[in-house]
Amino acid sequence: MTDTVRVRFAPSPTGPLHIGSVRTALFNWLFARHHGGVFILRIEDTDIARSTPEYEDAILDGLIWLGLDWDEGPFRQSERDDIYAEHLERLKAASNVYPCYCLPEELEARRKEALAKGETPRYDGRCRDRPDPPPAGQEPAWRLRMPQEGATTITDLIRGPITTENSQLDDLIMARSDGTPTYNFVVVVDDATMGVTHVIRGDDHLANTPKQVHIYEMLGYPLPSFAHQSLILGPDKGKLSKRHGAASVTEYRAIGYLSEALANYLLRLGWSHGDQEIFSRKEMIDLFGLEAMTKSPVIYNPEKLLWLNAHYLRQAEPKRLCALLEPFLPAAGVGVERFRADEAKALGAARSWQERSRTLVELAEGVSMFYADEVVYDEEAARKFLTPERIPIFEELIGRLEALESFDEAAIEAALMGVVESHGLKLGKVAQPCRVALTGKTVSPGIFEVMALMGREVVVSRLREAVAWMEQRKATSTS
RNA sequence: GCCCCCAUCGUCUAGCGGCCUAGGACGCCGGCCUCUCACGCCGGAAACCGGGGUUCGAGUCCCCGUGGGGGCACCA
């Protein structure tokens, strides 16, 4: 194998790591891993005004969280000025670029005019072969001398051949009048000098590609392969944004999503392998290929992501779950130290709620019932289930529970069933009131499990509290 | 406005000329299981954008229309 696959992910640190960007990163990473290639991380921070180190950190964190490790970089465009300058000189030397003295305001005016006349706004080329001497004391921008005849065809790995008339191509500015290079120029220089073999990016760059092709050619670099993936749209078919809910990796992480769920969801969004929905990391790498990518825009569906998250939550090892849970505990009113203090209990608590939770936030809330110092009765639940006629049932149960030699699930079940039988009831008639007495709610894991997890002391004292509560109720209703 | 791309259930998709009475998944609706809630299981409603061709035969190929998306900066 002479040519190693080299791909890159090139985000700009001008905002949080967006879901759409993550998908691009994921596809590039999978492509690299599938082909045993190299995944390069490049930070496109040429827009110094909007780029911040905080955003860059968020991007790196997000990638690490998702397990998308890079082999080279992070490179920063802000650190490559001399490379761009040198390439600009090459273009100047070959007259592939010419100085343009048009003012930004003039250009803007002409653009609007063209748009108003229904034409493609395009530089009119007035500086292209400027006969008169340049205005004194003004630094020019440098424009690419784009071919005006013929057409450019690229063969996109996802979309097939795409032809653009060169007359549609603008004389792009390569360097601004302040000397700084522009995007289309630096992208080509970077990709070429970094030896990128496959440019896999969003559909929004498709129209830039023929322009970039000419830059490659003028610079004498070989062309990479291009693959343009469709964009992610919001449920209203507009651009996916904050309006549609969480849109960045940081947010998803904060609201209790698992990285494998996000990755699995994003992978299936626009890529498929028959009817398969769930992919392990290894399967993703083994099966991934650009051929199976969809060409049409895809609509983001948070419901399915939630389902996948619930799925991965259910699959997770309880031990890992406990570790993942810690950051979410305080918000649910559980002290992390206390949670850590009894590992068996923590494990049991997590296990008891894992198939009932769709996010780590829900899991933490569920688990919190085993760590609360007091029960707070849900008003309606108490009114319905903690009725005075159940007092004898509770008393008998307390007696049986206290007599138990071992307070494990099997023994607890036997005790409950004993009460059920002696009163000729169905289990539900005993379990539901107990559930309310112990948790304050009508929903919880299985009652035997809940009792075992809470421990005899807590269970008995709460049952007694419930009895007291019911007696109080009886007293007030008769008086 | 101009250029480019795209088009199967609400959504993600399978389908690469006969296997399609169009399959799967999420969501939705019903049922089963059951100490509650979930999980799980069973069942249901739900799509080939329209019109022309090509062909013995079209969801699959071609053209036009329509619809959707993207792009047209001294932003990236």
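Every chain is numbered from 1, with letters handed out A, B, ... down the list of sequences.
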Rounded distance in Å between the [atom1] positions of [N] and [M]:
N: U11(B); M: G68(B); atom1: C1'; answer: 15 Å
N: C2(B); M: G10(B); atom1: C1'; answer: 34 Å
N: U13(B); M: G51(B); atom1: C1'; answer: 27 Å
N: U55(B); M: C61(B); atom1: C1'; answer: 10 Å
N: U21(B); M: A47(B); atom1: P; answer: 16 Å
N: G59(B); M: C39(B); atom1: C1'; answer: 37 Å
N: C19(B); M: G40(B); atom1: P; answer: 34 Å
N: C41(B); M: U60(B); atom1: C1'; answer: 35 Å

Scan residues 142-170 of chain A for pairs that pass ring pair (Phe, Tyr, Trp, His ring centres under 6.0 Å), counting only residues two or more places apart or in two chains. none
Partner lookup for [N], please. Criteria are Watson-Crick or G-U wobble with both distances under 3.5 angstrom; report none if nothing qualifies.
N: U55(B); result: none
N: A25(B); result: U11(B)
N: C41(B); result: G31(B)
N: G65(B); result: C49(B)
N: C20(B); result: none

Hey, what's the ring geometry for F288(A) with F27(A), parallel, tilted or perpendicular (30° and 60° as the breaks)? parallel
ring centroid sep under 5.5 Å plus plane angle under 30, H205(A) with G71(B): no
Output the rounded distance in Å from CG (D236(A)) to C1' (G68(B)). 13 Å
Regarding C102(A), tell me which of base, sugar-phosphate or nothing describes its non-hydrogen contacts under 4.0 Å with the strands shown. base
Does OP1 or OP2 of C3(B) have a side-chain N or O of T164(A) closer than 4.0 Å? no
Can the ring centroids of H311(A) and Y265(A) be said to lie less than 6.0 angstrom from one another? no
List the atom pairs, with distances to 0.1 Å, where a side-chain N or O of residues 9-19 of chain A and a protein N or O form a donor-acceptor pair under 3.5 Å, not counting sequence neighbours.
{"residue": "H18(A)", "atom": "ND1", "partner": "G20(A)", "partner atom": "N", "Å": "2.9"}
{"residue": "H18(A)", "atom": "NE2", "partner": "L240(A)", "partner atom": "O", "Å": "3.4"}

Between C74(B), C6(B), A76(B), spot the one nearest the side chain of Q77(A), thanks. A76(B)
Here's a test of your reading of the structure: between N184(A) and I162(A), which maps to the more 5' nucleotide of RNA chain B? I162(A)
Counting primed atoms plus P, OP1 and OP2 as sugar-phosphate and everything else as base, spell out the protein contacts along nucleotides 30-40 of chain B at 4.0 Å heavy-atom distance: B, S or - for each nucleotide, 5' to 3'. -----BBBBSS
Tell me, for nucleotides 10-15 of chain B in 5' to 3' order, what letter each nucleotide earns: B for a base near a protein heavy atom under 4.0 Å, S for only sugar-phosphate near one, - for neither? -SBSS-
Apply ring-ring contact (aromatic ring centres under 6.0 Å, His included) to residues W271(A) and F279(A) and explain how you reach the verdict. CA-CA 12 Å; W271(A) 179 86; F279(A) 295 85; 5.4 Å; yes
Sole candidate of L144(A), V187(A), N96(A) that passes side-chain contact (heavy atoms from CB on, under 4.5 Å) when paired with I215(A): L144(A)
Taken in chain and number order and not counting sequence neighbours, the residues that satisfy side-chain contact (heavy atoms from CB on, under 4.5 Å) with S167(A) are E165(A)
Partners of L306(A) by side-chain contact (heavy atoms from CB on, under 4.5 Å), sequence neighbours excluded? Y257(A), R358(A), T359(A)
Using modelled atom types only, decide if a donor and an acceptor are shared between the side chain of Q354(A) and the backbone of A316(A) within a distance under 3.5 Å. yes
